[in-house]
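Everything below concerns the one structure shown next.
Atoms considered below: every heavy atom in the structure, side chains included; atoms not considered: hydrogens, waters and symmetry mates.
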Amino acid sequence: MVCGFAAGDPLQFSLTDFVQLAGADALSDETSVSDFVSASLDDLFSDEMGFSPLIPDDSELLSVRLGGLAEWCAGFLSGFGASVSERVSRDALHVDIQEILRDFASICGLDDEVDEDERDENAFMELYEYVRVAAVLTTTLMGSAEAQDDGIGDADGLDH
C-alpha cells in the first residue's frame, strides 16, 4: 500500500495521510512504521532500480509467493487509488498507467494453484519483474514534470 500511495503522488508523500488510510489501530509502533515507510520509499525512488515488491522470499513455495505478489498488487492499487482519487479520474491517467493498473488488477485475481515446476517458476519470475518495473514506471510517470504541467500522467514528450 505504501508504494501505491507514493506512486499516486510521488512529489508529496504524507505519512500522516498514509497512517490515516491504513488505520492507526493497524500500527503497533510508530518508529517501526516510519522506518518501514522510509525504506520502502528509498527503494521505490532509487535511481539504481533496486526496488523490489515485498513478498515472501524464494525459500517459500511458488504458490505462497504468487499469493504474496497478488496481495502486493492489491495493496498497490488501494494505495494508488486513495492517493489520486480526489485529484484525477482514471481516464486522465497516462495510457501506460491505465494499462499497469488493469494488469495489477488481473494479477490480484490470479489462481495461486500452480505446479511447482521450472516453467511456472520462470513465468512467476517474469511476472514479478513486470510488477517491479511497472511500479517504478508508474511512479516516474506520475512524478514527471510533464505529468505536473499537462495533467496527471500525460507524458507525451517522454521516451517510451
Side-chain angles (χ1 to χ4, degrees), residues 1-24 26-27 29-57 65-110 112 123-160:
M1 192 182 309
V2 171
C3 294
F5 193 75
D9 194 359
L11 301 177
Q12 291 191 311
F13 184 92
S14 166
L15 184 58
T16 303
D17 290 346
F18 176 74
V19 168
Q20 187 176 24
L21 173 66
L27 309 176
D29 176 7
E30 188 174 328
T31 302
S32 296
V33 170
S34 180
D35 291 347
F36 173 76
V37 168
S38 291
S40 296
L41 295 179
D42 288 347
D43 245 8
L44 185 61
F45 294 117
S46 171
D47 291 335
E48 298 167 15
M49 288 290 294
F51 172 72
S52 299
L54 185 58
I55 65 167
D57 66 29
R65 289 181 283 142
L66 183 57
L69 188 62
E71 288 177 24
W72 189 91
C73 287
F76 184 94
L77 291 172
S78 294
F80 186 86
S83 182
V84 301
S85 65
E86 293 182 16
R87 296 182 304 119
V88 63
S89 73
R90 181 176 171 168
D91 294 338
L93 294 171
H94 187 280
V95 66
D96 290 341
I97 295 172
Q98 292 180 39
E99 183 177 343
I100 288 167
L101 297 177
R102 282 191 300 271
D103 291 345
F104 280 15
S106 294
I107 292 168
C108 292
L110 287 178
D112 63 359
F124 172 79
M125 291 309 297
E126 287 180 25
L127 186 62
Y128 175 84
E129 186 64 16
Y130 170 77
V131 168
R132 187 182 79 76
V133 172
V136 173
L137 177 61
T138 299
T139 304
T140 301
L141 289 172
M142 290 298 291
S144 72
E146 291 176 41
Q148 300 308 311
D149 293 343
D150 298 333
I152 301 298
D154 182 9
D156 291 335
L158 291 179
D159 294 330
H160 293 275

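- With sequence neighbours left out, Asp57 forms a side chain to side chain donor-acceptor pair (under 3.5 Å) with Ser59.
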Only pairs under 3.5 Å count here: list side-chain donor-acceptor contacts from residues 71-81, not counting sequence neighbours, and write none if there are none.
from	atom 1	to	atom 2	distance (Å)
Ser78	OG	Ala74	O	3.1

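- Taken to the nearest 0.5 Å, the CD1 atom of Ile100 stands 4.5 Å off from the CG atom of Leu137.
- Side-chain contact between Leu127 and Leu66 is present, with at least one heavy-atom pair separated by less than 4.5 Å.
- Annotation: the span from Leu69 atom CG to Leu110 atom CG amounts to 8.0 Å, rounded to 0.5 Å.
- Listed by chain and residue number, Phe36 satisfy the side-chain contact (heavy atoms from CB on, under 4.5 Å) test with Leu54 (two or more places apart in sequence, or in another chain).
- Between Leu44 and Cys3, the closest heavy-atom pair is CD2-O, 3.8 Å.
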Step by step, work out the side-chain contact (heavy atoms from CB on, under 4.5 Å) result for Thr138 and His94. CA-CA 9 Å; Thr138 299; His94 187 280; over 6 Å; no
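- Using a distance-only test at 3.5 Å, with no hydrogens or angles considered, a donor-acceptor pair links the side chain of Thr139 to the main chain of Ala135.
- Here OG of Ser40 is found 10.5 Å from CG of Asp35. Values are rounded to the nearest 0.5 Å.
- Screening residues 124-137 for side-chain hydrogen bond (donor to acceptor under 3.5 Å, both in side chains), with sequence neighbours left out, gives Asp103-Tyr130, Glu129-Arg132.
- Nearest approach of Ser46 to Gly50, heavy atoms of both residues: OG-N, 4.4 Å.
- Separating the CD atom in Glu48 from the CG atom in Asp43 is a distance of 10.0 Å, to the nearest 0.5 Å.
- Contact between Ala6 and Leu41 at its shortest, heavy atoms only, is CB-CD2, 3.3 Å.
- Residue Ser83 holds its OG atom at 9.5 Å from CD of Gln12, rounded to the nearest 0.5 Å.
- Shown here for Met142 and Leu93, the closest heavy-atom pair between the two residues is SD-CD2, 3.8 Å.
- With rounding to the nearest 0.5 angstrom, the OG1 atom of Thr140 is 9.5 Å from the CD1 atom of Ile97.
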